[in-house]
Amino acid sequence: MGAYEILERLRVDDSTPQPPTAYRALEYLVENGLVHRLEKLNAYVACARPDACERAGFIVCKLCRTVAEIECKASEAGLLQAAAHSGFAAESSVMEVDGICADCQKSD
Ligand SMILES: [Zn+2]
Ligand SMILES: [Zn+2]
């Protein structure tokens, strides 16, 4: 989802969002864990479980472009810990896994 689509869906602002406002609002939503940013797709996804989500992972289908949020707490913690061990002040990381979703495998 692009920045405008997600803002429309979340109804952050009643007026038509202008780019700087849109990106500030998205930054706020990302910081508060309501929205995740997918670097590879340059897109934003509303969090599936804003109350319980700590470390998000995403599976991205190469064929239908479906994005699904998955839990990957263990591996993500490991990644951030490894970063910290090397003296890096890690803030966040989002796992993105490319592949073919179950539906596309069936229809192939
Ligand atoms: Zn989430
Ligand atoms: Zn698919």
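Start at 1 and go down the list; that is how both ligands and their atoms are numbered.
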With heavy-atom distances below 4.5 Å as the criterion, would you say the side chains of Lys62 and Ile100 are in contact? yes

SG (Cys61) to the Zn ion (ligand 2) to SG (Cys101): angle, nearest 10 degrees? 110°

In Glu69, which N, O or S atom comes closest to the Zn ion (ligand 1)? OE2

Taking the side chain as C-beta and beyond, is there a heavy-atom pair between Tyr44 and Leu38 under 4.5 Å? no

What's the atom name of the N, O or S in His36 nearest to the Zn ion (ligand 1)? NE2

Is the shortest side-chain heavy-atom distance between Leu34 and Cys47 below 4.5 Å? no

Over all heavy atoms of both residues, which pair between Glu69 and Ala46 is shortest? Give the atoms and the distance, please. OE1-O, 4.2 Å

Round to 10° and report the angle made at the Zn ion (ligand 2) by SG of Cys64 and SG of Cys104. 110°

